[in-house]
Number of protein chains: 2
Amino acid sequence: MTKSMQTTEDSIKVFKALADPIRLEIIRYLAQLDHAVSCGEISRVMQISKTSGSYHFKILQEAGLIIVHKVAREKYVTLDRSTFDRYLTHFWQNL
Amino acid sequence: MTKSMQTTEDSIKVFKALADPIRLEIIRYLAQLDHAVSCGEISRVMQISKTSGSYHFKILQEAGLIIVHKVAREKYVTLDRSTFDRYLTHFWQNL
DNA sequence: GATATAGTTCAAATAATTTTGAACCATTTA
DNA sequence: TAAATGGTTCAAAATTATTTGAACTATATC
């Protein structure tokens, strides 16, 4: 499992994903719970429509900020902390 | 000099400011040089119009990512690393 | 004073992001 | 099988972000 080089586009995706109040709230919620949560539960807590939820989860996933695994009908989501570490915590190292 | 609490809006401003290829390039340029540079020089290096430069510097400044000081006719710019530290390096602590 | 340089501001044009609702697919439960 | 639940997809509408050029302010130089 070698980590491939990050491009500027990857960074942009990550920062764009973080640059939205709903997605930041989702991240806070997941960070505090620290276990997989279904998309439906999160949408209910955030009080957003499922369509909007679906959109935001896609953005977060494509940025690599969340890991998604499907269990039957529903999708469960957790933070991928390695991505946060790479782009945020170790910002200067990877710039 | 007490650091005041950061709001969600502050975070959004920072991440939005980082979520653009030109601004990310400006940040890389400043990080590598590590001394104050004029807006004009940066605009020339980035090959953007001065209007566009002015716009991007405003975004970066309002996010607190750069410190600007005017010397006569021109404006010099440096990175404000404390902001990067607060929002990126120490992301989890301040979430 | 005239001209050049550094940068800002404004409004219009363009481009990108986000929200919305309806229709849809897959899985579960009655 | 029918109905409910969890989620996606699509296109239209609404909102935001970015670029552009012209006009402008302020300082420097001839």
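Taking atom CD1 of A/I59 as the reference point, atom C1' of D/dT9 lies 14 Å away to the nearest angstrom. The interatomic distance linking B/I42 (CD1) with C/dT8 (P) rounds to 11 Å, in whole Å. Distance A/H69 NE2 to D/dG6 P: 17 Å, rounded to the nearest Å. What separates CE of B/M46 from P of D/dT19 is a distance of 13 Å, to the nearest Å. Rounded to an integer number of Å, the gap from A/K13 NZ to C/dT17 P is 11 Å. The CZ atom of A/R23 sits 9 Å away from the C1' atom of C/dT18 (whole-angstrom rounding). Note: OH (A/Y76) to C1' (C/dT27) measures 13 Å, nearest angstrom. Rounded to a whole Å, the CG atom of B/L60 is 16 Å from the C1' atom of C/dG7.
Positionally, the nearest nucleotide of DNA chain C for A/A19 lies more toward the 5' end than for the other of A/A19 and A/V71. When each of A/K58 and A/E74 is assigned the nucleotide of DNA chain D bearing its nearest heavy atom, the one mapping closer to the 5' terminus is A/E74. In terms of position on DNA chain C, the residue among A/K16 and A/T51 whose nearest nucleotide sits closer to the 5' end is A/K16.
Residue B/Y55 places its side chain closer to D/dT18 than to any other of C/dT28, C/dG7, D/dT18. The nucleotide whose nearest atom lies closest to any side-chain atom of A/K50 is, among D/dT19, C/dT28, D/dG6, D/dG6. Of the candidate nucleotides D/dG7, D/dT8, D/dT27, D/dT8 has the atom lying nearest to any side-chain atom of A/S54.
One side chain, B/D10 or B/T7, offers a donor N or O that lies under 3.5 Å from an acceptor on the other. Side-chain atoms of A/R81 and A/T89 include no donor-acceptor pair closer than 3.5 Å. For the 3.5 Å distance criterion, the side chains of B/E41 and B/Y29 qualify, holding a donor opposite an acceptor.
Among the atoms of the strands shown, none is found under 4.0 Å from any heavy atom of B/I48.
Within a 6.0 Å radius of CD in A/Q47, other residues, nucleotides and ligands contribute 12 heavy atoms or fewer.
Within the structure, a side-chain polar atom (N or O) of B/H56 is placed less than 4.0 Å from OP1 or OP2 of D/dT19.
Under 3.5 Å, the side chain of A/R73 and the base of C/dT28 form no donor-acceptor pair of N or O atoms.
With B/H90 contributing its side chain and B/D85 its backbone, the two residues share a donor-acceptor pair below 3.5 Å.
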